[in-house]
Colleague: 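Here it is: the structure, laid out below.
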Amino acid sequence: DQSLKGRDFLTISDFTAEEIRLILDAAHCLKKELKEGVPHPVLKGKTLGMIFTKPSTRTRVSFEVGMVQLGGYPLFLSAQDIQLRRGESLADTARTLERYLDGIMIRTFAQDDVVELARYASIPVINGLTDLVHPTQVIADLMTVEEHKGRLAGLKLAFIGDGNNVAHSLLEICAKMGVHMTVACPPGYEPDSGILSEARSDAAATGVQLEVTEDPEDAVRDADVIYTDLWASMGQEAEQERRSKVFRRYQVNSALLKKAAPDAIVLHCLPAHRGEEITDEVMDGPQSVVFDEAENRLHAHKAIMALLM
Ligand code: CP
Ligand code: NVA
């Protein structure tokens with residue numbers, strides 16, 4: 001049985017390739033229906049609470065609009081304005097919210113806090129980004145790759161930059177879905193070793209190669225997909241200046257793009273610091289699909305909500 005009803009969505013590693021396939025297929029289908037004007041109010045009368053302790057443009061708007069398109073009702077709960085800020089525990093917050101809501105989306109710092117909330121809430125909890133992972137992002141990312149490349153298996157993705165939350169979720173999903181991946185990062189900024197080794201054991205089963213290198217040119221050689229993200233993530237503002245120096249060599253610019261496959265596409269989860277990790281020329285160029293990718297957050301999140309709730 002492939003039903004995902006009632007499940008949490010905390011990290012990609014909790015899902016099998018078949019389950020990820022189910023979510024991707026639903027996302028493509030919901031996108032097609034939306035474009036054709038076919039209504040799909042499958043969550044009529046349901047409510048989603050969205051807790052944010054970090055800023056967001058795409059995640060907030062796409063979950064909120066997505067819930068409305070599914071016939072449900074979204075509530076934006078800034079962590080500044082609920083009693084969480086004054087020390088109410090995550091457990092008590094969960095025990096309370098589950099009495100009103102059908103699902104919770106949370107974006108915060110510690111992965112453990114998301115796990116804690118999910119432990120005490122009987123309703124599905126969706127991780128809208130932590131310092132460790134960004135699982136909803138990479139569903140939209142692979143959906144975008146499928147649209148532009150027609151497949152996933154056997155492709156090669158190069159991630160240039162910080163071995164961060166986005167890199168972690170990409171490693172997990174690429175390993176399961178048959179996409180080779182190389183992370184190019186400065187020494188000391190490699191992906192988490194636990195996540196890497198778990199992804200590598202999935203990769204062994206799917207025949208996928210996962211590599212980490214210091215050399216961005218090495219990483220992009222023959223790559224079908226080039227991916228980058230901020231050099232300093234939310235919560236790392238104090239390191240911004242130091243990171244700008246450390247990461248200088250890890251910019252996705254035209255010279256680097258020339259070393260990839262000629263029909264390579266460029267992804268960025270956004271927001272971008274133009275002129276740092278990506279140049280205007282690449283981001284606004286013909287190989288960039290970053291705004292398709294941003295749009296696909298909507299369809300991907302609707303698929304996740306429709307299947308879980
Ligand atoms: N990519 C992403 O999560 O964007 P936001 O921070 O704007 O939600
Ligand atoms: N790595 C970035 C992603 C933003 C969507 C961050 O965590 O800030």
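In what follows, every heavy atom counts, from backbone to side chain, and hydrogens, waters and symmetry copies are set aside. As the structure lists them, so they are numbered: ligands from 1, and atoms in each ligand from 1.
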Colleague: Between ligand 1 and Arg107, can you find any atom pair, the residue atom being a heavy atom, that is separated by under 4.0 Å?
Modeller: yes
Colleague: Applying side chain to side chain donor-acceptor pair (under 3.5 Å), name anything that partners His301, two or more places apart in sequence or on another chain.
Modeller: Ser62, Thr136, Arg297
Colleague: N/O to N/O below 3.5 Å, does that happen between Gln137 and ligand 1?
Modeller: yes
Colleague: Please enumerate all residues that pass ring pair (Phe, Tyr, Trp, His ring centres under 6.0 Å) together with Phe52, with sequence neighbours excluded.
Modeller: Phe76
Colleague: What residue and atom, counting heavy atoms only, is the protein's closest point to atom 4 (O) of ligand 1, and at what distance?
Modeller: Arg58 NE, 2.9 Å
Colleague: Hey, is ligand 1 close enough to Pro55 that some N/O pair sits below 3.5 Å?
Modeller: no
Colleague: Please say whether the positively charged group of Arg107, taken as NZ for Lys or CZ for Arg, lies over the ring of Phe63, i.e. under 6.0 angstrom from the six-membered ring centre and within 45 degrees of the axis.
Modeller: no
Colleague: Kindly indicate whether a cation-pi arrangement holds for Lys54 with Phe109, taking the cut-offs as under 6.0 Å to the six-membered ring centre and within 45° of the axis.
Modeller: yes
Colleague: Kindly indicate, with the supporting measurements, whether the criterion side chain to side chain donor-acceptor pair (under 3.5 Å) is fulfilled by Asn127 and Gln111.
Modeller: CA-CA 9 Å; Asn127 181 353; Gln111 180 72 10; 3.0 Å; yes
Colleague: Between Lys31 and Glu295, does any NZ, NE, NH1 or NH2 come within less than 4.0 Å of an OD or OE carboxylate oxygen?
Modeller: yes
Colleague: Between Glu33 and His40, do the side chains contain a donor N or O and an acceptor N or O under 3.5 Å apart?
Modeller: yes
Colleague: Can you tell me which residue and heavy atom of the protein come closest to atom 2 (C) of ligand 1, and the distance to 0.1 Å?
Modeller: Arg297 NH1, 3.1 Å
Colleague: List ligand 1 atoms under 4.0 Å from Thr57, heavy atoms only on the residue side.
Modeller: 5 (P), 7 (O), 8 (O)
Colleague: Can you list, pair by pair, the side-chain donor-acceptor contacts under 3.5 Å of residues 114-123, counting residues two or more places apart and other chains?
Modeller:
from	atom 1	to	atom 2	distance (Å)
Glu116	OE1	Arg119	NH1	3.3
Ser122	OG	Glu98	OE1	2.9

Colleague: Give one line per pair: atom of ligand 2, protein atom, distance. Only N/O to N/O under 3.5 Å.
Modeller:
from	atom 1	to	atom 2	distance (Å)
ligand 2	1 (N)	Asn164	ND2	3.3
ligand 2	1 (N)	Asn165	OD1	2.9
ligand 2	1 (N)	Asp229	OD2	2.7
ligand 2	1 (N)	Ser233	OG	2.7
ligand 2	7 (O)	Asn165	ND2	2.8
ligand 2	7 (O)	Ser233	OG	3.4
ligand 2	8 (O)	Met234	N	2.8

Colleague: Verify whether one side chain among Ser254 and Glu281 offers a donor that lies under 3.5 Å from an acceptor in the other.
Modeller: yes
Colleague: May I ask you to identify, for Leu270, whether its side chain, its backbone, both or neither come under 4.0 Å of ligand 1 on a heavy-atom basis?
Modeller: backbone
